[in-house]
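Worksheet: the structure to be examined is printed underneath.
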Amino acid sequence: TPKDGPSAGVTITTALISLATGKPVNPDLAMTGELSLLGRVLPVGGIKEKVIAAKRSGVKTIILPKDNRKDWDDLPQLIKDDVSIHFAEDYKDVYSIAFS
């Protein structure tokens, strides 16, 4: 049974940190990934659709779970063009990109 919601774990965490600290997040950044209680960024489904949606919204930088690298590699080059991609293994990887 597919789950809705867990893929927003890193996004929700980043939003809460931004709210609590007053630090803004880069506005042209998109991210996805389930977040474990230990801070590990877990893989999610729908990478193609998420990347296409991000590009349509004008996003230039995308953070994906490290374990979704094969999904990224399998995308047609047309979809991968014009975006900077980062792969995160732990939330500290997301934090360093989101708040840099």
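All residue numbers refer to positions in the sequence shown, counting from 1. Note that the coordinates shown come from a computational prediction; the quantities given were computed from them, not determined experimentally.
Taking a cutoff of 4.0 Å between a charged side-chain nitrogen and a carboxylate oxygen, Arg40 and Asp67 qualify as a salt bridge.
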Ignoring hydrogens and angles, write down the donor-acceptor pairs under 3.5 Å from the side chains of residues 44-56, residues two or more places apart or on other chains.
{"from": "Lys50", "atom 1": "NZ", "to": "Ser7", "atom 2": "OG", "distance (Å)": "3.3"}
{"from": "Lys50", "atom 1": "NZ", "to": "Thr32", "atom 2": "OG1", "distance (Å)": "3.4"}
{"from": "Lys50", "atom 1": "NZ", "to": "Gly45", "atom 2": "O", "distance (Å)": "3.0"}
{"from": "Lys55", "atom 1": "NZ", "to": "Leu78", "atom 2": "O", "distance (Å)": "3.1"}
{"from": "Lys55", "atom 1": "NZ", "to": "Ile79", "atom 2": "O", "distance (Å)": "3.1"}
{"from": "Lys55", "atom 1": "NZ", "to": "Asp81", "atom 2": "O", "distance (Å)": "2.7"}

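Considering only residues two or more places apart in sequence or on other chains, Asp73 meets the salt bridge (charged side-chain N to carboxylate O under 4.0 Å, His left out) condition with none of them.
Through chains of ILVMFWY side-chain contacts below 4.5 Å, Val25 is grouped with Val10, Ile17, Leu29, Met31, Leu35, Val41, Ile63, Tyr91, Val94, Tyr95, Ile97, Phe99.
Across every non-hydrogen atom of Ser18 and Pro24, the tightest pair is OG-CA, 4.0 Å. The minimum heavy-atom distance between Phe87 and Lys66, with the atom names listed, is CB-CA, 3.9 Å.
Checking side-chain atoms of Asp93 against main-chain N and O of Asp90 turns up a donor-acceptor pair under 3.5 Å. For the pair Ser57 (side chain) and Val59 (backbone), a donor-acceptor distance under 3.5 Å is absent.
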